[in-house]
Amino acid sequence: MSQSVLQILTAHLGAAFAELDLPKDYGRVSVSDKTSPFQCNGALAAAKLAKKAPRDIAAQVVEQLESNKDIISADIAGPGFINLVPSEELLTKRAGELLADERVGACVAEITEKIVIDFGGPNVAKPMHVGHLRSSVIGDCLQRLLRFRGHDVISDIHLGDWGLQMGHLITELEDEQPDLPYFDGDVTDSYPEKSPVSIDDLARLYPQASGKAKDDPDRMARSRKATSELQAGREGYKALLEHFIQVSIAALKKDFSALGVHFDLWKGEAAVDPLIPDMIEQFKKDGHTELSDGALIIRVAEDSDKKDLPPLILISGAGAALYATTDLATIKDRRENLNPDTILYVVDFGQSSHFEQVYRAADKTGLFPREKLEHIKFGTVNGKDGKRFRTRAGGVMRLSDLLSQARDAATKRLDEAGLAQDMGAEERTEIARKVGLAAIKFSDLQNVRTTNYIFDLERFTAFEGKTGPYLLYAAVRIKSLLRKAQAAGVNPGAITPTHKAEQRLVLALDSFNRALATAEAKRMPHILCEHVYTLAQAFSKFYADCPVLQDGVPDETKSSRLALAALTLKQLEIGLELLGIETPERM
RNA sequence: GCACCCGUAGCUCAGCUGGAUAGAGCGCUGCCCUCCGAAGGCAGAGGUCGCGCGUUCGAAUCGCGCCGGGUGCACCA
């Protein structure tokens with residue numbers, strides 16, 4: 001792919017600095033929101049090295065650019081800023097290149113890798129709530145983005161289906177239905193095919209059990225015992241676990257499908273349990289482990305640490321494998337079966353030190369290089385009080401409730417606007433679904449990943465301003481325009497951006513690749529959100545200022561503007577798809 | 001106590017490797033549909049960038065110290 005306007009200008013400015021025997025790095029051009037679309041501040045930085053006044057350097061640089069056909073004006077402002085305006089010819093040329101490109105300017109990454117991305121991470125016992133939204137939506141956006149950038153991506157939901165929570169479920173179920181064959185030690189096979197529990201049962205049993213165990217040591221001891229028996233291979237418990245997992249997966253698939261989120265692998269912690277004994281044997285043999293207070297640990301603290309990082313516990317004093325153990329086994333599994341270059345974990349930042357322990361242990365034991373394991377951390381979803389989000393009842397809001405509320409709000413909006421009267425019920429429902437989802441996903445993704453944010457249902461389901469529906473609205477208006485153009489027999493042609501709003505739109509389109517590359521490098525979806533929003537804004541301005549099909553518009557202008565609109569739609573739809581947002585035909 | 005993250009307009013948030021009068025959205029005050037979809041566009045009011053030192057020609061951005069909020073600190077996941 002050829003160069004963006006920004007890159008071309010940077011090359012010109014770099015050359016100009018080089019002519020003055022100054023490093024060409026000073027020619028770096030940046031976008032400006034001031035009087036001109038671009039600026040270069042290199043003259044100020046170069047002043048010390050050149051031992052000249054910044055304005056003098058700027059003047060000499062500008063002199064170099066006088067006959068440059070790509071730059072229509074280069075003005076010095078303030079202490080030595082160089083304001084740059086690209087020529088119409090350059091914009092025309094660039095618009096033509098974008099028009100001819102299937103990916104509307106988006107390149108493939110220079111180095112492509114095989115990347116495993118671990119996100120979602122729901123527990124089998126707990127229904128999805130709003131807290132799962134971030135990992136799911138961010139993870140999904142990243143998998144789409146990384147694929148689009150040319151990487152070989154494998155997504156894995158990494159179910160929480162192992163450990164103490166299973167012990168809780170088993171023992172709590174035993175209290176409720178003690179006659180089930182799973183609890184009879186003498187029965188070792190031919191268990192019922194049908195699960196003794198539904199997803200609602202699981203959702204009830206787990207909090208019930210953990211609540212009891214919290215202030216009842218004996219109850220906790222029973223759960224621990226069941227956990228270790230399960231891990232030791234007790235048949236009845238294993239059969240129960242299998243039911244729990246299958247019931248949960250069926251429910252989760254509904255939730256994730258409603259969210260539009262896909263996973264390549266539906267593996268969980270239980271799946272890697274068989275790898276643990278050999279893995280630990282190897283660790284022991286290589287001298288990485290030691291016994292401490294009855295637990296088998298790996299020390300991961302380093303001298304350079306500012307704080308004391310506790311050791312990673314492989315086997316608890318009670319003989320159970322823990323969270324970190326299965327995470328290590330999962331790395332081993334992935335290395336042996338998938339052999340990825342990098343593994344990404346999209347998990348909230350509360351688990352930073354856990355991952356630090358796991359990554360160090362993986363590195364120390366030779367399982368996986370530390371720098372290729374990345375914790376893509378994100379902040380918590382808080383309520384208006386700044387604390388972790390809770391519903392008025394004190395519980396967490398179910399994800400399915402959030403989705404239906406957004407859909408209802410979208411339906412209401414559709415009715416109010418008096419739009420879509422002529423549509424069938426089916427299309428209306430579908431539009432409401434897409435609009436509601438767009439609202440939710442965009443409001444989540446536009447936040448900087450690493451910070452907490454305040455969850456406000458009203459804002460999550462808002463349709464005006466910087467929202468998902470605003471983006472869809474822009475796309476839908478273009479689609480409508482294209483339909484009208486086709487009916488009128490107007491065809492798209494070469495783009496000649498003469499109007500200011502057209503030029504702004506071309507420049508917005510031209511910054512797509514940069515946004516994608518930055519979003520990828522930082523694993524930050526909000527950067528893509530910013531781009532798509534800026535693009536939609538530039539289009540809305542263009543749409544208001546530049547009539548396309550109206551009477552009195554010259555044919556060539558019609559064709560040019562139509563092509564520009566179509567090009568915008570193409571990039572908008574790619575961008576939205578990368579965010580995991582579907583675009584309706586109308587709304 | 002120690003470590004990490006955060007503190008920008010009334011509210012919710014952007015601000016890229018330091019650069020000019022700090023930007024959006026919501027809310028508020030005015031405009032703009034005989035004209036391609038007003039879920040839109042335009043204009044306006046609104047900010048000691050938590051506080052203080054320091055580095056620099058230049059700091060919301062970098063360093064240090066406070067204050068305030070969140071999170072985590074060995075056998076839960």
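Just so you know, these numbers come straight off a predicted model, no measurement behind them. The chains referred to below are lettered A, B, ... by the order of the sequence lines, with proteins before strands, and numbering in each begins at 1.
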Can you measure [X] atom [atom1] to [N] atom [atom2] for me and round it to whole angstrom units?
X	N	atom1	atom2	value
A:Asn41	B:U17	CG	P	15 Å
A:Phe81	B:U21	CZ	P	8 Å
A:Ile82	B:A20	CD1	C1'	14 Å
A:Leu309	B:C4	CG	P	12 Å
A:Glu464	B:A24	CD	P	19 Å

Sugar-phosphate only, base, or nothing, as touched by [X] at under 4.0 Å among non-hydrogen atoms:
X	value
A:Ser292	base
A:Ile297	base
A:Thr450	sugar-phosphate
A:Val476	base
A:Gln39	base
A:Leu164	sugar-phosphate
A:Ile313	base
A:Tyr470	sugar-phosphate

Strand partner of [N], provided both Watson-Crick or wobble distances fall under 3.5 Å:
N	result
B:G23	B:C13
B:G63	B:C53
B:U71	B:A3
B:A43	B:U29

Of A:Lys466 and A:Arg514, the one whose nearest nucleotide on RNA chain B sits closer to the 5' end is A:Arg514

Judged by nearest nucleotide, the residue sitting upstream toward the 5' end of RNA chain B, A:Ala46 or A:Ala318, is A:Ala46

How far does the [atom1] atom of [N] sit from the matching atom of [M], given to the nearest Å?
N	M	atom1	result
B:G15	B:A60	P	16 Å
B:A22	B:G46	P	13 Å
B:U8	B:G69	P	14 Å
B:C16	B:C53	C1'	28 Å
B:G25	B:G18	C1'	27 Å
B:A43	B:G58	C1'	33 Å
B:C11	B:C4	P	29 Å
B:C67	B:G30	P	46 Å

**Prompt:** So, A:Arg219 versus A:Thr171: side-chain donor-acceptor pair below 3.5 Å or not?
**Reply:** yes

* Asked: For the residue pair A:Phe460 and A:Phe455, does the interplanar ring angle fall in the parallel (under 30°), tilted (30 to 60°) or perpendicular (over 60°) class?
  -> tilted

Are any of the side-chain heavy atoms of [X] and [Y] separated by less than 4.5 Å?
X	Y	value
A:Tyr345	A:Ile376	no
A:Val347	A:His375	yes
A:Lys434	A:Thr583	no
A:Arg370	A:Glu356	yes

What heavy-atom pair brings [X] and [Y] nearest, and what distance separates the two atoms?
X	Y	value
A:Ala515	A:His531	CB-CB, 3.6 Å
A:Leu414	A:Arg428	CD2-O, 4.0 Å
A:Val5	A:Asp510	N-OD2, 2.8 Å

Discussion item. Do A:Arg504 and A:Phe542 form a cation-pi contact, if we require the NZ or CZ to be under 6.0 Å from the six-membered ring centre and within 45 degrees of the ring's axis?
Written reply: no

To the nearest 0.5 Å, atom SG of A:Cys141 lies from atom CG of A:Leu445 at 5.5 Å

From [options], nucleotide with atom closest to [X] side chain:
X	options	value
A:Pro310	B:A74, B:A14, B:G19	B:A74
A:Ile454	B:U12, B:G19, B:A77	B:U12
A:Thr451	B:C42, B:C75, B:A14	B:A14
A:Ser540	B:A14, B:C13, B:G41	B:G41
A:Tyr323	B:G40, B:A77, B:C13	B:A77
A:Lys48	B:U56, B:C13, B:G19	B:U56
A:Tyr533	B:A24, B:A74, B:A77	B:A24

task: Answer yes when A:Lys466 and A:Glu530 have at least one side-chain N-carboxylate O distance shorter than 4.0 Å, and no when they do not.
output: yes

**Message:** If you go through the side-chain atoms of A:Asn83, does one of them form a donor-acceptor pair with the base of B:A20 closer than 3.5 Å?
**Reply:** yes

Of A:Glu172, A:His168, A:Lys212, A:Gln165, the one forming a side-chain hydrogen bond (donor to acceptor under 3.5 Å, both in side chains) with A:Ser223 is A:His168

Considering only nitrogen or oxygen atoms on both sides, find all protein atoms under 3.5 Å from nucleotides 67-72 of chain B and state each distance.
unit_1: B:G70; atom_1: OP1; unit_2: A:Lys387; atom_2: NZ; d: 2.5
unit_1: B:G70; atom_1: O2'; unit_2: A:Asn452; atom_2: ND2; d: 3.2
unit_1: B:G72; atom_1: O2'; unit_2: A:Ser353; atom_2: OG; d: 3.0

What does the list of N/O pairs under 3.5 Å between the protein and nucleotides 28-36 of chain B look like, with a distance for each?
unit_1: B:C35; atom_1: O2'; unit_2: A:Gln550; atom_2: NE2; d: 2.7
unit_1: B:C36; atom_1: O3'; unit_2: A:Lys484; atom_2: NZ; d: 3.4
unit_1: B:C36; atom_1: O2; unit_2: A:Val548; atom_2: N; d: 3.4
unit_1: B:C36; atom_1: O2; unit_2: A:Leu549; atom_2: N; d: 2.9
unit_1: B:C36; atom_1: N3; unit_2: A:Val548; atom_2: N; d: 2.9
unit_1: B:C36; atom_1: N4; unit_2: A:Tyr543; atom_2: O; d: 2.6
unit_1: B:C36; atom_1: N4; unit_2: A:Cys546; atom_2: O; d: 2.9
unit_1: B:C36; atom_1: N4; unit_2: A:Pro547; atom_2: N; d: 3.4

